[in-house]
Amino acid sequence: MHRAAPPTSLPELEARAAAIIGLSLGQLAADLGAGVPTELRRAKGWIGQLVEAALGAEAGSKPTPDFEALGVELKTIPVAEDGRPHESTFVCTAPIEGAFEASWEESRVRRKLARVLWVPVWGRRGEDLATRVIGRPRLWVPDPQEEAALAQDWRDLSELIVGGELHRIHGRLGRVLQLRPKGANAGDFAWMMDEEGEWVRAVPYGFYLRARFTRAVIGRRRREGP
DNA sequence: GATTGATCATAC
DNA sequence: GTATGATCAATC
C-alpha cells in the first residue's frame with residue numbers, strides 16, 4: 001500500500017484529512033493501490049491502517065503518536081448516519097505491576113489522548129467495506145472537564161490494578177474510561193499481582209473510551225454530517 | 001440497540 | 001510477547 005509522506009505541520013495534516021472527506025473506502029484503497037478485505041472480522045484494523053497511509057502516519061508498532069512531529073494521535077471511529085459511534089475506542093493497554101504509572105500526568109492514557117484527530121467512517125455493521133464513507137475529521141484536545149473525568153476514571157481504575165484487586169475489575173466501571181480485556185483470545189494472560197502480593201495469571205486489560213464519551217467529543221459544535 | 005467480554009491481523 | 005490497528009458476538 002502506498003503511504004503518504006508525514007505531514008510537516010498541523011494545517012497540512014488537517015488539509016489532507018479534509019481532502020478525503022466523502023471518499024469511499026473503496027476509492028481511497030484504490031488511490032493507495034490497496035486491496036479491500038472481504039470481511040472486517042478478519043481485518044479489524046484495516047480501516048485505521050488505510051487512513052494512516054492516506055494521511056502519512058508513521059507505520060509500525062512504536063508507542064509514539066501517529067504523527068510524532070505534531071504530537072497527534074489518529075483514531076478512526078465507525079459511526080452511524082446520525083454520527084453516533086458504533087464502538088468504544090481502544091486507548092492503550094493497562095499497566096501491570098512492575099510497570100505501573102504513578103500519576104495521571106505521566107500516564108499513557110493522558111499522553112495518547114493529548115491531541116487526537118478523529119476520523120469518522122460512516123457505515124453499518126456488516127456493510128461492505130468498499131462502500132463505507134470517510135466523514136469530517138475533528139481535531140480534539142480534551143477540555144478541562146473532559147480531562148478531569150478521564151483523570152478520575154484513570155485513577156480509580158489504576159488503583160484496582162496497583163492494589164491487586166483484579167477480581168473487582170470489569171467493564172461496567174468508569175464513566176468515560178473503562179477497563180476491558182485486550183488480548184489475542186481468552187487463553188491470553190499476563191502476570192499480575194493480587195491483593196496478597198502473589199503473582200497470578202490474569203487477562204491483559206486495556207483502557208477504552210466509552211462510545212457515549214466519544215460521541216460527545218466528536219459531536220461538539222457539530223452542524224453537519226460526520 | 002447498547003454494552004461487555006472476547007477476538008483478529010500485522011509489525012518488530 | 002508487546003506494540004500497533006480495532007471490531008466481533010454473546011448477552012444485557
Base, sugar-phosphate, or nothing for Thr93(A), non-hydrogen atoms under 4.0 angstrom?
sugar-phosphate
Backbone of Trp122(A) reached by a side-chain donor or acceptor of His86(A) within 3.5 Å
no
Quick note, Ala186(A) side chain, CB onward, closest among dA6(B), dA3(C), dT7(B) is dT7(B)
Side-chain polar contacts of residues 36-51 of chain A - donor-acceptor pairs under 3.5 angstrom, sequence neighbours left out - could you list them?
none

With sequence neighbours left out, write down each residue that passes side chain to side chain donor-acceptor pair (under 3.5 Å) with Glu58(A), or none if nothing qualifies.
none
Tell me which residues in residues 68-77 of chain A put a heavy atom below 4.0 Å from DNA chain C, sorted by number, or none.
Glu73(A), Lys75(A), Thr76(A)
With a cut-off of 3.5 Å and sequence neighbours excluded, list every side-chain donor-acceptor pair involving residues 146-164 of chain A.
{"unit_1": "Glu146(A)", "atom_1": "OE1", "unit_2": "Trp140(A)", "atom_2": "NE1", "d": "2.9"}
{"unit_1": "Glu146(A)", "atom_1": "OE1", "unit_2": "Asp143(A)", "atom_2": "N", "d": "2.9"}
{"unit_1": "Glu146(A)", "atom_1": "OE1", "unit_2": "Arg220(A)", "atom_2": "NH1", "d": "2.8"}
{"unit_1": "Glu146(A)", "atom_1": "OE2", "unit_2": "Arg220(A)", "atom_2": "NH1", "d": "2.9"}
{"unit_1": "Glu147(A)", "atom_1": "OE2", "unit_2": "Trp104(A)", "atom_2": "NE1", "d": "3.0"}
{"unit_1": "Glu147(A)", "atom_1": "OE2", "unit_2": "Arg110(A)", "atom_2": "NE", "d": "2.8"}
{"unit_1": "Asp153(A)", "atom_1": "OD1", "unit_2": "Arg175(A)", "atom_2": "N", "d": "3.3"}
{"unit_1": "Asp153(A)", "atom_1": "OD2", "unit_2": "Arg175(A)", "atom_2": "N", "d": "2.8"}
{"unit_1": "Asp153(A)", "atom_1": "OD2", "unit_2": "Val176(A)", "atom_2": "N", "d": "2.7"}
{"unit_1": "Asp153(A)", "atom_1": "OD2", "unit_2": "Leu177(A)", "atom_2": "N", "d": "3.1"}
{"unit_1": "Ser158(A)", "atom_1": "OG", "unit_2": "Trp154(A)", "atom_2": "O", "d": "2.7"}

Using a cut-off of 4.0 Å on non-hydrogen atoms, how would the nucleic acid contact of Ala184(A) be classed: base, sugar-phosphate, or nothing?
base
Base dT4(C) paired with Lys182(A) side chain (donor-acceptor, <3.5 Å)
yes
Please report the interatomic distance OG1(Thr89(A)) to CD1(Ile77(A)), rounded to the nearest 0.5 Å.
3.5 Å
Only distances under 3.5 Å count here; give the side-chain donor-acceptor pairs of residues 4-16 of chain A to other protein atoms, sequence neighbours excluded, each with its distance to 0.1 Å.
{"unit_1": "Thr8(A)", "atom_1": "OG1", "unit_2": "Glu12(A)", "atom_2": "OE1", "d": "2.8"}
{"unit_1": "Ser9(A)", "atom_1": "OG", "unit_2": "Glu12(A)", "atom_2": "N", "d": "3.2"}
{"unit_1": "Glu12(A)", "atom_1": "OE1", "unit_2": "Thr8(A)", "atom_2": "N", "d": "2.8"}
{"unit_1": "Glu12(A)", "atom_1": "OE2", "unit_2": "Arg16(A)", "atom_2": "NH2", "d": "2.9"}
{"unit_1": "Arg16(A)", "atom_1": "NH1", "unit_2": "Ala5(A)", "atom_2": "O", "d": "2.6"}
{"unit_1": "Arg16(A)", "atom_1": "NH1", "unit_2": "Leu55(A)", "atom_2": "O", "d": "2.8"}
{"unit_1": "Arg16(A)", "atom_1": "NH2", "unit_2": "Ala5(A)", "atom_2": "O", "d": "3.1"}

Mind checking side-chain contact (heavy atoms from CB on, under 4.5 Å) for Arg125(A) and listing every partner two or more places apart, or none if nothing turns up?
Glu87(A)
Any non-hydrogen side-chain atom of Pro85(A) less than 4.5 Å from a side-chain atom of Thr214(A)?
yes
Could you state the atom-to-atom distance from CG of Asp188(A) to P of dA9(B) in whole Å?
14 Å
Taking only nitrogen or oxygen atoms into account, show me every contact under 3.5 Å that the protein makes with nucleotides 9-12 of chain C, one pair per line with its distance.
{"unit_1": "dA9(C)", "atom_1": "N7", "unit_2": "Arg125(A)", "atom_2": "NH1", "d": "2.8"}

Derivation and outcome, side chain to side chain contact (heavy atoms under 4.5 Å, CB included), residues Ile218(A) and Arg215(A):
CA-CA 5 Å; Ile218(A) 68 177; Arg215(A) 178 192 175 194; 5.5 Å; no
Counting heavy atoms from C-beta on, name the nucleotide in dA6(C), dT4(B), dA2(B) closest to the side chain of Phe90(A).
dA6(C)
Could you tell me whether Asp66(A) contacts a base, only the sugar-phosphate backbone, or nothing, with contacts defined as non-hydrogen atoms closer than 4.0 Å?
sugar-phosphate
Enter the inter-axis angle for the ends of the helix from dG1(B)-dC12(C) to dC12(B)-dG1(C) (five pairs per end, rounded to 10°).
30°
Hey, does the side-chain of Lys62(A) have a donor or acceptor N/O within less than 3.5 Å of a partner on the base of dT4(C)?
no
For Glu58(A) and dA11(B), give me the distance from atom CD to atom C1', rounded to whole Å.
14 Å
Could you verify whether a donor N or O on one side chain and an acceptor N or O on the other, from Ser88(A) and Arg180(A), lie under 3.5 Å apart?
yes
Is atom CD of Glu105(A) surrounded by more than 12 heavy atoms (other residues, nucleotides or ligands) closer than 6.0 Å?
yes
Given dT7(B), is OP1 or OP2 found less than 4.0 Å from the side-chain N or O atoms of Arg42(A)?
no
Between C1' on dG5(B) and CG on Asn185(A), what's the gap in Å once rounded to a whole number?
13 Å
Does any residue of residues 207-217 of chain A have a heavy atom under 4.0 Å from DNA chain B, and if so, which ones, in number order?
Tyr208(A), Arg210(A), Arg212(A)
For Tyr205(A) and dT7(B), give me the distance from atom OH to atom C1', rounded to whole Å.
15 Å
Rounded to whole Å, the CZ-P distance (Phe189(A) to dG1(C)) equals 6 Å
Taking only side-chain N and O atoms of Arg172(A), does any of them lie within less than 4.0 angstrom of OP1 or OP2 on dG5(B)?
yes
By side chain to side chain donor-acceptor pair (under 3.5 Å) - contacts of Arg124(A) (at least two apart)
none
With sugar-phosphate meaning primed atoms plus P, OP1 and OP2, does Pro181(A) contact a base, only sugar-phosphate, or nothing at under 4.0 Å between heavy atoms?
base
Can you measure Lys44(A) atom NZ to dG5(B) atom P for me and round it to whole angstrom units?
16 Å
Nearest whole Å is fine: how far is dT4(B) C1' from Arg180(A) CZ?
6 Å
Is Lys182(A) close enough and on-axis enough to Tyr205(A), meaning under 6.0 Å and within 45°, for cation-pi?
no
Hey, does Gly171(A) reach any base, or is it just sugar-phosphate, or nothing, if we go heavy atoms under 4.0 Å?
sugar-phosphate
Checking Thr131(A) now: which residues fulfil side chain to side chain donor-acceptor pair (under 3.5 Å) with it, not counting sequence neighbours?
Glu127(A)
Determine all donor-acceptor pairs shorter than 3.5 Å in which one atom belongs to a side chain in residues 112-121 of chain A; sequence neighbours excluded.
{"unit_1": "Lys112(A)", "atom_1": "NZ", "unit_2": "Glu73(A)", "atom_2": "OE2", "d": "3.4"}
{"unit_1": "Arg115(A)", "atom_1": "NH2", "unit_2": "Leu70(A)", "atom_2": "O", "d": "2.5"}

Once you round it to whole Å, what is the distance between P of dT4(C) and CD of Glu52(A)?
11 Å
Examine dT4(C): is either OP1 or OP2 under 4.0 Å from a nitrogen or oxygen in the side chain of Gln49(A)? Give yes or no.
no
